[in-house]
Peer 1: 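Below is one structure. I have some questions about it.
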Amino acid sequence: MSNSNEVFVVQGLAGARTLQGSIATSGAKNAVLKILAAAPLFKDSLTIENVPHIEDVDRSCELLLELGLTVDSKKKNTLIVHEAKKPILDMPHELSKRFRASIVFTGALLARYGKVSFPHPGGCVLGGRPIDMFLSSFEKLGATVIHKNEKYEITAPKGGLRGAHIHFRIPTVTGTETVLMAASLARGTTTITNAVLEPEVVALAEFLHDSGVKIEGIGTPTLVIHGTAQKALIAKKAYVTIPDRIEAASFVILAALAAKDVTVTHCNTIHLESVLEHLKMMGVNFTTTKNSVRVFGNEKIVLQAVTLKTHEYPGFPTDAQSPMVVALTQARGESLVWETIFEDRLRYTESLQTMGASITPMNPVQVLVRGGAKLRGKLLESPDLRAGIAFVIAGAIAKGESVIGNIYNIDRGYEYLEKRLQALGLRITREMR
Ligand code: EPZ
């Protein structure tokens, strides 16, 4: 558990490529948070494996306890969630505000128990983070939505939620997951069009399907969910969390900039295709297997600039945008970066500029990155999880020492980060300030 005056202190390599060894990818934060949120759909108990040791998992378990469920965490990286004997349907304000994924709990609670109240969710400040599509979807499923005293109160109709046709005007990851859960126990069939294709959503849908909800179109933008009419789900096997593709991407990008020979293991390279394609275009040398990427032989390469445009999966992931921008500050030439998912996810580039990066904002969602920058270590604050890891990568390649504050934001999604990077030879420590 990190506290607010902990910092990462990183001694920069000043462009040397000396990191060596292998680093295993942990279970995906954005997969495990959603299966935890789905727990109220299940009778008896639900076992979850390959769980990463990160703050957002701890917050999710605390939230489940506040909702009346119990969580058994005896075995390392495994959680067993037990059904609530007396469910509590009012989500705690403070805790729900600490992370965006808290909104996903509402779908399962509403579907199973017919009622839920919650505050506007928290999470990384990447823009407004509205929830209009969640609320309109609940209404289409027959629920009533009341917004008063900073809380939303959602109530399902007498016989439970009713199947509906739901189209997302914008593809939404947690929106797709929340509606998927709500529709699972509804009476009748729900069709979702413009659903997202993220691997974490596919993994959730496959597990719900294997637990008793007939779902068609998994992995396509059109999902057809045949609800169980309030019959709770039965987990016939453990849910095994898929590898974290964003964590793996972050480590591969670090290796591209600072490794002599580093292998990222336990990842799924199909989920990394867009990131790897961009690195190949930049001239990075690496080889892949089904579940590993080996980055080596880059001592003499000169990285080439590329245009970077984020896009829903399988496009370039917005969560890997900030680490990739650090790589682009080192490339030869100018790279246009276009953040198409969030309206305010480029603010962190101001901090990279204090390190010596040459980044010019073109408009709120586009920056021009001029390559060849010699970064210098600085005092930095992590505004969010992915900017935080980008600052660690920038600190690793800079000249001199960087001190990165607010590392709770990094511990939200990267387990034992400093220990794993120390094993590769990076001089990074966790200190109190
Ligand atoms: C999820 O956020 C992830 N978080 C984010 O990862 C990720 O960046 C994002 O998906 C996009 O891939 C979790 O899964 C917990 P969206 P989410 O709904 O679901 C707008 C990380 O670092 N929108 O797909 O909140 C929204 O503002 C985090 O791990 C509405 O307008 O993102 C955004 O512009 C950061 N109304 C766009 O849709 C709504 O009702 C896509 O957001 C909902 C969303």
Side-chain angles (χ1 to χ4, degrees), residues 26-38 52 54-57 59-60 63 96 98-107 118 120-140 145 152 166-181 192 194-204 221 241-242 244-250 271 274-275 310-323 339-348 364-365 382-390 408-415:
S26 307
K29 165 177 93 79
N30 290 343
V32 70
L33 298 185
K34 315 317 174 38
I35 192 65
L36 284 164
I54 54 175
E55 297 291 351
D56 275 10
V57 165
R59 297 302 78 73
S60 297
L63 189 47
S96 307
R98 297 195 68 178
F99 59 127
R100 173 75 179 183
S102 61
I103 182 95
V104 184
F105 286 71
T106 61
F118 59 98
H120 197 96
C124 300
V125 183
L126 310 169
R129 309 296 299 265
I131 61 167
D132 56 292
M133 290 191 275
F134 293 78
L135 303 176
S136 59
S137 300
F138 288 146
E139 287 176 327
K140 285 180 190 143
V145 175
Y152 298 95
I166 289 165
H167 176 80
F168 287 127
R169 64 185 171 81
I170 308 176
T172 161
V173 171
T174 46
T176 302
E177 293 159 333
T178 304
V179 173
L180 196 48
M181 293 184 207
I192 304 174
N194 206 18
V196 297
L197 310 177
E198 266 66 2
E200 298 77 24
V201 182
V202 169
L204 172 70
T241 310
I242 61 171
D244 193 316
R245 61 194 167 95
I246 306 301
E247 184 186 73
S250 309
H271 298 163
S274 183
V275 172
T310 63
H311 192 278
E312 292 83 5
Y313 189 87
F316 191 94
T318 175
D319 291 345
Q321 178 249 99
S322 49
E339 170 52 58
T340 69
I341 309 290
F342 289 108
E343 70 273 21
D344 190 10
R345 195 171 201 172
L346 290 165
R347 206 181 288 268
Y348 72 92
V365 292
S382 319
D384 64 67
L385 175 66
R386 308 302 175 183
I389 198 70
Y408 173 84
N409 274 341
I410 301 177
D411 291 335
R412 284 188 54 200
Y414 295 86
E415 67 172 345

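Quantities reported herein were computed from a predicted structural model and do not represent experimental measurements. Indexing begins at 1, ligand by ligand and atom by atom, following the structure's order.
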Peer 1: For I170, counting its heavy atoms only, list the atoms of ligand 1 lying under 4.0 Å from any of them.
Peer 2: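 That gives atoms 31 (O), 38 (O) of ligand 1.
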Peer 1: Tell me which part of L385 gets within contact of ligand 1: side chain, backbone, both or neither, using heavy atoms under 4.0 Å.
Peer 2: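 It is the side chain that gets close, since no backbone atom is under 4.0 Å.
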Peer 1: Would you kindly specify which portion of R345 sits under 4.0 Å from ligand 1, judged on non-hydrogen atoms: side chain, backbone, both or neither?
Peer 2: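 Answer for R345: side chain.
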Peer 1: If you have a sec, work out which protein heavy atom is nearest atom 34 (O) of ligand 1 and how many Å separate them, to one decimal?
Peer 2: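 It is I341 O, 2.6 Å.
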Peer 1: Mind checking whether T174 contacts ligand 1 via backbone (N, CA, C, O), side chain (CB onward), both or neither, at a 4.0 Å heavy-atom cut-off?
Peer 2: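 Within the 4.0 Å criterion, T174 contacts ligand 1 through backbone and side-chain atoms alike.
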Peer 1: Is ligand 1 less than 4.0 angstrom away from at least one heavy atom of I103?
Peer 2: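 False for this residue.
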Peer 1: So, the side chain of E200 versus the backbone of V173: is there a donor-acceptor pair under 3.5 Å, distance only?
Peer 2: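 Looks like no, no N/O pair under 3.5 Å.
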Peer 1: Could you find the nearest protein heavy atom to atom 15 (C) of ligand 1 and give me its residue, atom name and distance?
Peer 2: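 Of the protein heavy atoms, N30 OD1, 3.5 Å lies nearest.
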Peer 1: What is the closest protein heavy atom to atom 5 (C) of ligand 1, and at what distance does it sit?
Peer 2: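 That would be D319 OD2, 3.8 Å.
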Peer 1: By number and element, which atoms of ligand 1 are closer than 4.0 Å to a non-hydrogen atom of L126?
Peer 2: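 In order of number, 35 (C).
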Peer 1: Does G388 offer a backbone N or O that forms a donor-acceptor pair with the side chain of S382 under 3.5 Å?
Peer 2: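 No, because the side chain of S382 does not come within donor-acceptor range (under 3.5 Å) of the backbone of G388.
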Peer 1: Check each of R169, K34, E200 against atom 14 (O) of ligand 1 and report the one with the nearest heavy atom.
Peer 2: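 Going through R169, K34, E200 one by one, K34 has the nearest heavy atom to atom 14 (O) of ligand 1.
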Peer 1: Evaluate the side-chain proximity of V196 to F168: yes if any heavy-atom separation is below 4.5 Å, no if none is.
Peer 2: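 Answer no - side chains too far apart.
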Peer 1: In terms of atom number and element, which parts of ligand 1 are under 4.0 angstrom from non-hydrogen atoms of F134?
Peer 2: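 Numbered from 1, ligand 1 contributes 40 (O), 43 (C).
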Peer 1: Could you identify the single nearest non-hydrogen protein atom to atom 11 (C) of ligand 1 and state the distance to 0.1 Å?
Peer 2: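 Among all protein heavy atoms, the one nearest atom 11 (C) of ligand 1 is T318 CG2, 3.8 Å.
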Peer 1: One residue to check: K29. Relative to ligand 1, which of side chain, backbone, both or neither has a non-hydrogen atom less than 4.0 Å away?
Peer 2: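 Answer for K29: side chain.
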Peer 1: Regarding D56 and R100, does a basic nitrogen lie under 4.0 Å from an acidic carboxylate oxygen?
Peer 2: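 No salt bridge links D56 with R100.
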Peer 1: Who gets closest to atom 41 (C) of ligand 1 by heavy atom: P171, G413, A31?
Peer 2: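 Answer by nearest heavy atom: P171.
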Peer 1: May I ask you to decide if T340's main-chain N or O and T310's side chain share a donor-acceptor pair within less than 3.5 Å?
Peer 2: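 Here the side-chain-to-backbone pair exists.
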Peer 1: Taking NZ, NE, NH1 and NH2 as the nitrogens, is one of them in K34 or E177 under 4.0 Å from a carboxylate oxygen of the other?
Peer 2: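 A salt bridge links K34 with E177.
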Peer 1: Do me a favour and list the nearest non-hydrogen protein atom to atom 27 (O) of ligand 1 with residue, atom name and distance?
Peer 2: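 In this structure, atom 27 (O) of ligand 1 has P130 CD, 3.4 Å as its nearest protein heavy atom.
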Peer 1: Determine whether the side chain, the backbone, both or neither of R100 has a heavy atom under 4.0 Å from any heavy atom of ligand 1.
Peer 2: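 The answer is the side chain.
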Peer 1: Using a 4.0 Å heavy-atom threshold (strictly under), name the region of D132 that reaches ligand 1: side chain, backbone, both or neither.
Peer 2: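 D132 to ligand 1: contacts from backbone and side chain alike.
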Peer 1: For atom 44 (C) of ligand 1, which candidate among E177, E343, M133 provides the closest heavy atom?
Peer 2: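 Answer by nearest heavy atom: M133.
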Peer 1: For V173, which part has a heavy atom under 4.0 Å from ligand 1: side chain, backbone, both, or neither?
Peer 2: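 Under 4.0 Å from ligand 1, V173 contributes backbone and side-chain atoms.
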Peer 1: Counting only heavy atoms, which portion of P317 has something under 4.0 Å from ligand 1: side chain, backbone, both, or neither?
Peer 2: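 Looking at P317 and ligand 1, no heavy atom falls under 4.0 Å.
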Peer 1: Parallel, tilted or perpendicular for Y152 and H120, by the 30°/60° rule?
Peer 2: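 Ring orientation of Y152 relative to H120: tilted.
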Peer 1: Starting from atom 32 (O) of ligand 1, what is the nearest protein heavy atom, named by residue and atom, and what distance separates them?
Peer 2: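 Scanning the protein heavy atoms, the shortest distance from atom 32 (O) of ligand 1 goes to F342 CZ, 3.7 Å.
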Peer 1: Can you tell me how far OG1 of T106 sits from CZ of F134, rounded to the nearest 0.5 angstrom?
Peer 2: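 Those atoms lie 7.0 Å apart.
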Peer 1: Let's go through E247 and K29 carefully: what are the C-alpha distance in whole Å and the side-chain angles of both, what is the deciding distance for salt bridge (Lys or Arg N to Asp or Glu O under 4.0 Å) to 0.1 Å, and is it a yes or a no?
Peer 2: CA-CA 9 Å; E247 184 186 73; K29 165 177 93 79; over 6 Å; no
Peer 1: So, D319 side chain and I246 main chain: donor-acceptor pair closer than 3.5 Å or not?
Peer 2: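 No.
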Peer 1: Relative to the heavy atoms of R129, which atoms of ligand 1 are at a distance of less than 4.0 Å?
Peer 2: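 Atoms satisfying the 4.0 Å criterion: 2 (O), 17 (P), 25 (O).
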Peer 1: Starting from atom 18 (O) of ligand 1, what is the nearest protein heavy atom, named by residue and atom, and what distance separates them?
Peer 2: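 Answer, as residue, atom name and distance: T172 OG1, 2.7 Å.
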Peer 1: Does R386 offer a backbone N or O that forms a donor-acceptor pair with the side chain of S322 under 3.5 Å?
Peer 2: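 Yes: the side chain of S322 pairs with the backbone of R386.
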Peer 1: Among all protein heavy atoms, pick the one closest to atom 22 (O) of ligand 1 and tell me residue, atom and distance.
Peer 2: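 Protein heavy atom at minimum distance: R386 NE, 2.8 Å.
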Peer 1: So, are R98 and E55 salt-bridged, with charged N and O less than 4.0 Å apart?
Peer 2: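 Salt bridge: no.
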Peer 1: Could you tell me whether the side chain of E198 and the main chain of V201 form a donor-acceptor pair under 3.5 Å?
Peer 2: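 Pair absent, no side-chain N/O of E198 close to backbone of V201.
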Peer 1: What I'd like to find out is whether the side chain of P171 reaches to under 4.5 Å of the side chain of T176, using heavy atoms alone.
Peer 2: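 No; the side chains remain at least 4.5 Å from each other.
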